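Report on one structure; see the data block that follows.
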Amino acid sequence: MSIPQTTREYRLPKVDGFHNLTLTEAPIPKLKATEVLVKIHAVSLQYRDLIVAKGQYPLGQKENPVPGSDGAGEIVALGAEVSGWKVGDRVCSNFATDHIFGDVTAESKATGLGAPIDGVLTEYKALPAHALVRIPEHLSYEEASTLPCAALTAYNALLGPNPLKGGDTVLVQGTGGVSIFALQIAVASGATVIATSSSDRKLEIAKKLGAAHTINYKTTPDWDQEVLKITNGKGVDHIVEVGGPATIIKSVNAVRYGGTVSVIGFVAGQADVSQLPVLVLSKAAILRGILIGSRAQFEDMNRLISAVKLRPVIDKVFAFEDARKAYEYQESQQHVGKVVIKVSKD
């Protein structure tokens with residue numbers, strides 16, 4: 001196929017909301033020797049995309065960014081020094097292009113797509129070859145686009161340095177992208193999952209995906225006490241904590257002595273957390289921040305996904321031209337799993 005000279009891409013010239021999403025045309029830059037050109041087929045959205053659009057991303061963002069961190073596509077051109085890849089290979093990029101293995105660093109954090117550097121909400125994207133992973137064969141581009149942030153965050157939380165064991169109990173909060181992947185990964189690893197949500201409809205979906213217990217936190221606001229009841233007073237081994245200040249006190253109440261709370265998001269808003277240090281100390285709990293994961297973890301995760309034929313849960317797919325509608329739907333919090341934008345028509 002002939003390589004195009006230009007790409008259509010979204011930009012955020014102002015950052016006071018996603019109504020500023022602007023579709024523009026830009027030249028495709030000349031490939032560096034160690035880069036590949038990827039034709040983007042699909043992009044998935046996260047809560048992060050909403051706060052980048054509002055200029056509220058706490059880890060920093062560039063001026064007028066191309067948004068989007070999570071894409072899947074095919075290689076259409078190779079830089080002169082690239083080896084191990086060929087035209088036609090189906091790939092995702094790691095969220096932070098320079099986080100190859102080990103712990104995150106200030107330098108690798110600065111390579112997060114869609115905020116500190118331009119992202120993937122574009123038809124064609126030049127990416128460093130070292131950032132790429134192969135898409136599991138059984139997944140479509142739309143399904144694969146959900147992996148770089150949501151799936152890898154859940155994998156790092158549950159199977160990172162402090163991995164769960166078969167028979168452990170895992171609490172997942174809500175039914176967004178990270179939480180649904182955490183549910184699926186925990187079930188695939190032999191854990192018992194407790195899921196919370198404000199919607200009984202969403203909890204029914206969680207049950208179908210393997211949640212053994214569900215709690216509606218609207219009708220059971222003291223959900224931490226309900227977790228203790230379910231676990232006979234012991235508490236859970238792992239908590240995938242996406243709520244932030246408004247839920248973390250209850251999470252520490254609900255975790256077992258010596259258990260792990262993986263701090264991932266802050267979707268539930270602000271609250272008084274002045275008790276937190278004493279509660280963590282009194283539980284001997286591990287509180288671990290998760291900044292997605294490395295390319296090496298991404299490759300390990302894809303082996304698990306391929307082995308158990310795990311299929312990402314996609315709620316709705318939007319056309320590239322309807323990106324604003326996709327953002328609206330993401331913001332509405334009606335979704336279970338992931339919201340995806342189909343970029344390529346073929």
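Because only heavy atoms are used, hydrogens play no part in the values below, and waters and symmetry mates are left out as well, while side chains stay in. What you see is a predicted model, and the numbers here were worked out from it, not measured in a lab. Each residue takes its place number in the sequence, starting with 1.
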(message) Just to verify, which of Asp118, Thr122, Asn20 counts as forming a side chain to side chain contact (heavy atoms under 4.5 Å, CB included) with Arg11?
(response) Asp118
(message) Quick check: is Val104 connected to Ile286 through a chain of hydrophobic side chains (ILVMFWY, heavy atoms under 4.5 Å apart)?
(response) no
(message) What's the separation between atom CG in Leu147 and atom CZ in Phe181, rounded to the nearest 0.5 Å?
(response) 5.0 Å
(message) Pairing donors with acceptors under 3.5 angstrom, does anything connect the side chains of Ser108 and Thr105?
(response) yes
(request) Could you tell me how the ring of Phe318 sits relative to the ring of Tyr329: parallel (under 30°), tilted (30 to 60°) or perpendicular (over 60°)? (result) tilted
(message) Side-chain heavy atoms nearer than 4.5 Å, only ILVMFWY residues, links allowed to pass through others: does that put Leu171 and Ile205 together?
(response) no
(request) Sort and list the pairs that fulfil ring-ring contact (aromatic ring centres under 6.0 Å, His included) and have at least one residue in residues 128-174, not counting sequence neighbours. (result) His41-Tyr141
(request) Determine whether the side chains of Ser251 and Glu241 contain a donor N or O and an acceptor N or O closer than 3.5 Å. (result) yes
(request) Cation-pi check, Arg48 to Tyr57: give yes when NZ or CZ is under 6.0 Å from the six-membered ring centre and within 45° of the ring axis, no otherwise. (result) yes
(request) Considering only NZ, NE, NH1 and NH2 on the basic side and carboxylate oxygens on the acidic side, decide whether Lys207 and Glu204 come within less than 4.0 Å. (result) yes
(message) Ignoring hydrogens, what is the shortest heavy-atom contact between Ala72 and Ile135? Give both atom names and the distance.
(response) CB-CD1, 3.9 Å
(request) May I have the step-by-step check of side-chain hydrogen bond (donor to acceptor under 3.5 Å, both in side chains) for Ser344 and Glu123, ending in yes or no? (result) CA-CA 7 Å; Ser344 172; Glu123 292 176 316; over 6 Å; no
(message) Check this for me: does any side-chain nitrogen of one of Arg295 and Glu299 sit under 4.0 Å from a carboxylate oxygen of the other?
(response) yes
(message) If I take atom CG from residue Asp98 and atom OG from residue Ser294, how far apart are they, to the nearest 0.5 angstrom?
(response) 12.5 Å
(request) Could you grab the distance from atom CG of Asn156 to atom CG of Asp300, nearest 0.5 Å is fine? (result) 11.0 Å
